Enquirer: 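Structure provided below as structure tokens; questions to follow.
Source: prediction; values computed, not measured.
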Amino acid sequence: MDFSVVNEALASNSFDKISDICDALMLQVAAEGVPFRDDWPFAIHLLGHIYVDDVNSARFLWKSIPATIKESQPELVAAWKIGQKLWTRDYAGVYEAIRGFDWTPQTQVLVAAFSELYTKRMFELLQSAYSTISIQDAAQFLGMSEEDATNYVLRKGWTVDPTSRMLTVTKQAIVKEQKLDPGKLQRLTEYVFHLEH
């Protein structure tokens with residue numbers, strides 16, 4: 001089976017495309033009736049869904065994988081551990097699951113990229129949800145030691161009170177570009193027009 005498209009996406013750090021590529025390939029080989037389960041890169045496929053924050057699809061993929069494959073691929077089980085921690089919102093557990101396995105070189109690249117992205121997401125979550133937070137809690141959310149977490153948030157403009165061991169969040173103005181699809185606007189206009197007449 002040819003996984004060159006998946007390998008190219010990994011090599012070019014196009015991690016956000018991996019799940020779509022794997023889903024399309026899986027549908028293609030299933031439609032052709034080609035037996036693929038033994039050769040399939042399930043860990044990469046699962047991590048691709050996790051990378052794009054699609055835990056539901058990761059969960060359904062996990063449920064569709066035969067038990068014999070789950071038992072024979074410890075890396076797949078380790079990837080699913082990350083998915084489980086995300087599903088239960090065990091933020092510190094996600095980092096433990098990432099660090100708790102010796103990933104193969106091919107998978108390590110994707111896991112490292114996810115870890116970095118996840119830290120960024122957690123930082124943005126903390127920034128939007130808190131005005132002050134303890135160093136200990138911030139470290140837990142960011143998956144770092146207290147010293148590393150403090151240095152990380154200080155670089156992002158937060159301040160620290162060494163006496164109370166509290167971090168003061170500096171809110172950053174987040175500018176999000178809204179994409180307006182003219183086709184959607186046209187359909188909405190037609191729908192409203194139809195309702196009014």
Enquirer: Any pair with a residue in residues 124-146 that passes ring-ring contact (aromatic ring centres under 6.0 Å, His included), sequence neighbours left out, goes on the list, sorted by first then second residue, please.
Expert: Tyr91-Phe141
Enquirer: Test side chain to side chain contact (heavy atoms under 4.5 Å, CB included) on Leu25 and Val29; report intermediate values, then the result.
Expert: CA-CA 6 Å; Leu25 276 174; Val29 295; 5.6 Å; no
Enquirer: With side chains defined as the heavy atoms from C-beta onward, is the minimum distance between Gln136 and Glu146 less than 4.5 Å?
Expert: yes
Enquirer: Under 3.5 Å, is there a donor-acceptor pair between the Gln108 and Asp102 side chains?
Expert: no
Enquirer: Check whether any side-chain heavy atom of Tyr51 sits under 4.5 Å from a side-chain heavy atom of Asp16, and report yes or no.
Expert: yes
Enquirer: Nearest 0.5 Å, please: how far is NZ in Lys120 from CE in Met122?
Expert: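 So the CE of Met122 and the NZ of Lys120 are separated by 12.5 Å.
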Enquirer: For Glu147, look at atom CD and say whether over 12 heavy atoms of other residues, nucleotides or ligands are found less than 6.0 Å away.
Expert: no
Enquirer: Using a 3.5 Å distance criterion without hydrogens, assess whether the side chain of Gln127 forms a donor-acceptor pair with backbone atoms of Thr170.
Expert: yes
Enquirer: Treat each ILVMFWY residue as a node, draw an edge where side-chain heavy atoms are under 4.5 Å apart, and state whether Met166 and Leu142 are in one component.
Expert: no
Enquirer: Quick one: are Val160 and Ile135 in side-chain contact, heavy atoms under 4.5 Å?
Expert: yes
Enquirer: So do Lys85 and Trp80 actually touch side chain to side chain, heavy atoms under 4.5 Å?
Expert: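 Not in contact.
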Enquirer: For residues Leu76 and Ala43, report the shortest heavy-atom separation together with the two atoms involved.
Expert: CD1-N, 3.8 Å
Enquirer: Using distance alone, with no hydrogens and no angle criterion, decide if Tyr95 and Thr119 have a side-chain donor and acceptor under 3.5 Å apart.
Expert: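 Side-chain D/A pair, Tyr95 to Thr119: present.
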Enquirer: Do Thr150 and Met144 pass the side chain to side chain contact (heavy atoms under 4.5 Å, CB included) test, and can you show the C-alpha distance, the side-chain angles, and the key distance before you say yes or no?
Expert: CA-CA 9 Å; Thr150 303; Met144 301 175 184; over 6 Å; no
Enquirer: Can a donor-acceptor pair be found between the side chains of Asp23 and His49 at a distance below 3.5 Å?
Expert: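 His49 and Asp23 do have a side-chain donor-acceptor pair below 3.5 Å.
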Enquirer: Counting N and O atoms only, with roles assigned by atom type, does the side chain of Ser72 sit under 3.5 Å from a partner on the main chain of Thr68, one being a donor and the other an acceptor?
Expert: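 Yes; at least one donor-acceptor contact below 3.5 Å.
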Enquirer: Between His45 and Trp40, how do the two ring planes meet: parallel, tilted or perpendicular, split at 30° and 60°?
Expert: tilted
Enquirer: Would you kindly check if the NZ (Lys) or CZ (Arg) of Lys70 is within the cone defined by 45 degrees around the ring axis of Trp62 and under 6.0 Å from the six-membered ring centre?
Expert: yes
Enquirer: Give a yes or no on whether the backbone of Asn151 and the side-chain of Lys156 come within a donor-acceptor separation of less than 3.5 Å.
Expert: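 Between the backbone of Asn151 and the side chain of Lys156 there is no qualifying donor-acceptor contact (under 3.5 Å).
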Enquirer: Have a look at Leu61 and tell me which of Asn56, Leu46, Asp54 forms a side-chain contact (heavy atoms from CB on, under 4.5 Å) with it.
Expert: Leu46
Enquirer: Can you find a heavy atom in the side chain of Ile82 that is under 4.5 Å from one in the side chain of Leu47?
Expert: yes
Enquirer: Given side chains that start at C-beta, do those of Phe3 and Cys22 come closer than 4.5 Å, heavy atoms only?
Expert: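 Of all side-chain heavy-atom pairs linking Cys22 with Phe3, none is under 4.5 Å.
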Enquirer: Give a yes or no on whether Phe60 and Val55 share a hydrophobic cluster (residues Ile, Leu, Val, Met, Phe, Trp, Tyr; joining criterion: side-chain heavy atoms under 4.5 Å apart).
Expert: no
Enquirer: With Val109 as reference, evaluate Thr104, Leu10, Asn13 under the side-chain contact (heavy atoms from CB on, under 4.5 Å) test and give the passing residue.
Expert: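 It is Asn13; the other options fail the test.
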Enquirer: Once you round to the nearest 0.5 Å, how far does CZ of Phe42 lie from CD1 of Ile69?
Expert: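 Going from CZ on Phe42 over to CD1 on Ile69, the span is 4.5 Å.
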Enquirer: In terms of side-chain heavy atoms, does Asp148 have a donor or acceptor partner in Ser145 at a distance below 3.5 Å?
Expert: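 Yes.
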Enquirer: Taking CD in Glu32 as the centre, count heavy atoms belonging to other residues, nucleotides or ligands within less than 6.0 Å. Is the count above 12?
Expert: yes
Enquirer: Begin with the C-alpha distance, continue with both residues' side-chain angles, and end with the deciding distance and a verdict on side chain to side chain donor-acceptor pair (under 3.5 Å) for Gln106 and Asn7.
Expert: CA-CA 9 Å; Gln106 184 182 31; Asn7 293 331; 2.8 Å; yes
Enquirer: Nearest 0.5 Å please: distance from the CG atom of Asp137 over to the CG atom of Leu126.
Expert: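 One finds 9.0 Å between CG of Asp137 and CG of Leu126.
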Enquirer: Indicate yes or no: at least one non-hydrogen side-chain atom of Tyr118 is less than 4.5 angstrom from one of Leu86.
Expert: yes
Enquirer: If you take all heavy atoms of Leu167 and Ser134, which pair is closest and at what distance?
Expert: CD1-O, 4.4 Å
Enquirer: Tell me if a side-chain donor or acceptor on Ser14 pairs with a main-chain N or O of Lys17 at a distance below 3.5 Å.
Expert: no
Enquirer: Can you see which heavy atom on Leu110 is nearest to which on Gly48, and at what distance?
Expert: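 That would be CD2-N, 4.1 Å.
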Enquirer: Could you walk me through whether Asp161 and Thr168 pass the side chain to side chain contact (heavy atoms under 4.5 Å, CB included) test, one step at a time?
Expert: CA-CA 8 Å; Asp161 178 6; Thr168 303; 5.8 Å; no
Enquirer: Return the minimal non-hydrogen interatomic distance between Ala139 and Ala149, and the atom names on each side.
Expert: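 Between these two residues, the closest heavy atoms are CA-CB, 3.6 Å.
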Enquirer: Could you measure the distance from the CZ atom of Arg59 to the CH2 atom of Trp87? Nearest 0.5 Å is fine.
Expert: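 If I round to the nearest 0.5 Å, the distance is 4.0 Å.
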Enquirer: Measure the shortest side-chain to side-chain distance between Lys81 and Ile98 over non-hydrogen atoms and say whether it is less than 4.5 angstrom.
Expert: no
